[in-house]
There are 2 protein chains.
Amino acid sequence: MLSKTDLYKQRILKELCFGNTLSGTEISSRIEKSMPLTVRLLGELVNEDLVEEKGYAPSSGGRRPQIYALKPGKMYVVSVAMDQLVTRMAVIDMQHCDIICTEKIGLPLLKNPDVLEALANQLNKFIDNTAIARDKIIGVGIGMPGFVDVSKGINYSFLESQTNIVDFLEKRVGIPVHIDNDSSLIALAEFRLGAARGRNDVMVININWGIGLGLVLNGVLFRGCTGFAGEFSHIPLFVNNKLCTCGKSGCLETEASMLVVIEKAVEGLKKGRVSTMEALPEDIEEACHTIINAAIQGDTFAVELLSEAGYNIGKGIAVLIHVLNPELIVLSGRGASAGKLWLAPVQQAINNYCIPRLASKSELTVSAFHQRAELIGAAALVIENFDKRPVKNKVGRVLV
Amino acid sequence: MLSKTDLYKQRILKELCFGNTLSGTEISSRIEKSMPLTVRLLGELVNEDLVEEKGYAPSSGGRRPQIYALKPGKMYVVSVAMDQLVTRMAVIDMQHCDIICTEKIGLPLLKNPDVLEALANQLNKFIDNTAIARDKIIGVGIGMPGFVDVSKGINYSFLESQTNIVDFLEKRVGIPVHIDNDSSLIALAEFRLGAARGRNDVMVININWGIGLGLVLNGVLFRGCTGFAGEFSHIPLFVNNKLCTCGKSGCLETEASMLVVIEKAVEGLKKGRVSTMEALPEDIEEACHTIINAAIQGDTFAVELLSEAGYNIGKGIAVLIHVLNPELIVLSGRGASAGKLWLAPVQQAINNYCIPRLASKSELTVSAFHQRAELIGAAALVIENFDKRPVKNKVGRVLV
DNA sequence: TAGACTTTGTGATATTTTTAGGAAGTCGTA
DNA sequence: TACGACTTCCTAAAAATATCACAAAGTCTA
């Protein structure tokens, strides 16, 4: 349990982590505390050797502000990105918020009743290998696909036992654990550390085996009443008589996901479409890579496939723009590593299906995170929750 | 300009207005101020004769709390609901938040360059007629269709001159003025005083000449980055080759608005469909009434028409449920006066087009406001903004 | 009919904010 | 280039607000 002063200090550390380097005034306004209090807390954090003064920033028309930053090597986050097929782990130093060490293990989420047990073991082994003291790791963040109930710690789609993932892993690893849906985490990554930094109303599209959506509304991650907001993949947008995994037909997913792209690529090649891609690898992840790389190299067929998917995603985005009027749309997730290739077809669909007054207000961009988006998001989740633990005062009464 | 104490007092008055009667503890937590401070302010408000003590509430397991309420006849709000064709005005006593006096005038918004001038005159006349002292009227709230920029006071869709409506009317009437889009106001009415009271994530559907949408997300009215969120009417949902007023085809509006219902009714009657509605009145508003009343009386054709529209609206709602995972959906606005007739067809479409796990989390209900929704919303807008004016301290420096 | 346990209300104390003014810059102008 | 007007940043002292600790006034159970 924390004292109130400790809570404020954690807020400062969180803002410094997301903001990299900040002045006293900036920190004061971000943690919504007065300057005198903020300055006192910053002084204490410097004494505790967690924060350092980095000299003076250039003047913005007045006295130059002292700049503060986190000290490197003091606090770490472990992040985990799970998949139907593969699990990746990384350690992130809070100071520069980038991955210092990563590992890919063949731990599939799908049809794997012992996944939690295995994950706990792998996590412990991974942390031991890094040789970082456990008390320097402020938390473990885990991203996974499916319907995730953040507060109950349950993933309804996978892990059918419905055990509380958070409680289970915290007991086994001895470090605070946070979980969330992969698309929400990617949105968090873009919002806190990526293309959507400082924006208020953002939609982040997760181009993957399905089409995910993470929402930042009024400057906070929006999850909906039971945490299932952003089920973009299954909105009824087409009349195509294609059966979706969800049991319905006409879902966006049936016309736009990377799985559909791969399927169409296989079919096309079989029918003899000329392409630099002679044959696609069996492994679905590698097949996806192959197509994206071919497209980047300019392969006509590959570009065509991505454009078609992009146009369909754009039709879905057009609906969202009407409803939410976002300032920014970020294309992110696995598929987004194809980069700017997406922009034209998506924008084209937006122009076709949106009222011009709305379309012109929403900027469109592609993530720079490539494969790392989910891992960075999982770390951001831990930092996001860093100041959200129960607070006690001196006497021990719980306040928050 | 206000002192900080005055600001807190306004917050208390606002909460009392929306909450009707509240205990000290409830007020304290709603205005997020400590009990000692809240109690002191309440005492001052009682002395100023704006608030009265209403005795003790039943105990909830401990000491019984003192109950506070606004005094009637102390503060009023003028609200205005504008339309393409007609303008309605009302006065509302903050104490019971219901309409005490209303007037319908033939002031059309459409193709009317002098509408602001006329509105100012009508407002002054209306206020004079009520014989309520102007300093007892805390504000004028105005709802209108179209793209409304709340902060700039501009309606981009009508009033092409793009004058600042708020500034203009404030100068002419001498009372603070607030404007907003009709669908946002209806959502505000339901959120603060109606079916969505106390809920956090709500979608309010405005069934009218178009299909509007007002969103309450994370417990606040959501407007989007430029204030145009909720353009539900023009999402591309159908492939029907029907030209919409927006210039595109396939918009929800082309299959679901009350205008379409009337159109189909006229066609059907012409083709000889049997119905208790022999012929529809020329006046579009009365035609709408006729159909709704016939449906309520059980007329098969009328029920069929509303069901069809309801099913199409439901398809649109299904998309929203996937994206936003709301806890409650309220059908409101002009068309909703048909009441529970809407529920079955809308729910049917939701069941058809939604993933069951999501559909089951979202409650569906119909507004109880009938024709009064927009007027009540316009009043709620004024009260909502009652504590949002610039604050000065004793010395006169602006704080907020 | 105690005794344990609620919630509400209120002075005394502790925390936090605001004020007011000094420190340290920029910018325009004579 | 020197000076005044105007920024922004920082901080001690005063004012505002929250927390604490406990009394008041209830409910519920054994």
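Order of the sequence lines sets the chain letters (A, B, ...), proteins ahead of strands, with each chain counted from 1.
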Reckon [X] has a side-chain N or O less than 4.0 Å from the OP1 or OP2 of [N]?
X: Y56(A); N: dA24(C); answer: no
X: T25(A); N: dC9(D); answer: yes
X: K4(A); N: dT19(D); answer: yes
X: S34(A); N: dT17(C); answer: yes
X: K33(B); N: dT17(D); answer: no

Discussion item. Using a 3.5 Å distance criterion without hydrogens, assess whether the side chain of E52(A) forms a donor-acceptor pair with backbone atoms of K71(A).
Written reply: no

Discussion item. By nearest atom, which of the nucleotides dT8(D), dT27(D), dA23(D) is closest to the R63(B) side chain?
Written reply: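 Ranking dT8(D), dT27(D), dA23(D) by closest atom to the R63(B) side chain puts dA23(D) first.
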
Fill in: Minimum-distance nucleotide (side-chain atoms of V39(A) versus dT11(D), dT19(D), dA24(D))
dT11(D)

Distance, rounded to the nearest Å, where [X] contributes [atom1] and [N] contributes [atom2]:
X: Y8(B); N: dA16(D); atom1: OH; atom2: P; answer: 11 Å
X: I67(A); N: dG25(C); atom1: CD1; atom2: P; answer: 14 Å
X: E53(A); N: dC10(D); atom1: CD; atom2: P; answer: 10 Å
X: R64(A); N: dG22(C); atom1: CZ; atom2: P; answer: 22 Å
X: L37(B); N: dG11(C); atom1: CG; atom2: P; answer: 14 Å
X: I31(A); N: dT17(C); atom1: CD1; atom2: P; answer: 8 Å
X: L41(A); N: dC10(D); atom1: CG; atom2: P; answer: 15 Å
X: R40(B); N: dT8(C); atom1: CZ; atom2: C1'; answer: 19 Å

Worksheet item: Any chance the side chains of T226(A) and N325(B) put a donor and an acceptor closer than 3.5 Å?
Response: yes

Worksheet item: If you pin G61(A) and G24(A) to their nearest nucleotides in DNA chain D, which one's is more 5'?
Response: G61(A)

Item to complete: Give P65(A) one of three labels, base, sugar-phosphate or nothing, depending on what nucleic acid heavy atoms sit under 4.0 Å from its own.
Response: sugar-phosphate

Worksheet item: With nearest nucleotides of DNA chain C determined for S60(A) and M35(A) from heavy-atom distances, which residue corresponds to the more 5′ nucleotide?
Response: M35(A)

Item to complete: Using side-chain contact (heavy atoms from CB on, under 4.5 Å) as the criterion, point out the one residue from I376(B), V204(B), D180(B) that pairs with L185(B).
Response: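 By the side-chain contact (heavy atoms from CB on, under 4.5 Å) criterion, L185(B) pairs with just one of I376(B), V204(B), D180(B): D180(B).
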
Item to complete: For the pair R134(B) and V173(B), evaluate side chain to side chain contact (heavy atoms under 4.5 Å, CB included) and give the outcome as yes or no after the intermediate values.
Response: CA-CA 9 Å; R134(B) 295 211 171 202; V173(B) 184; 3.8 Å; yes

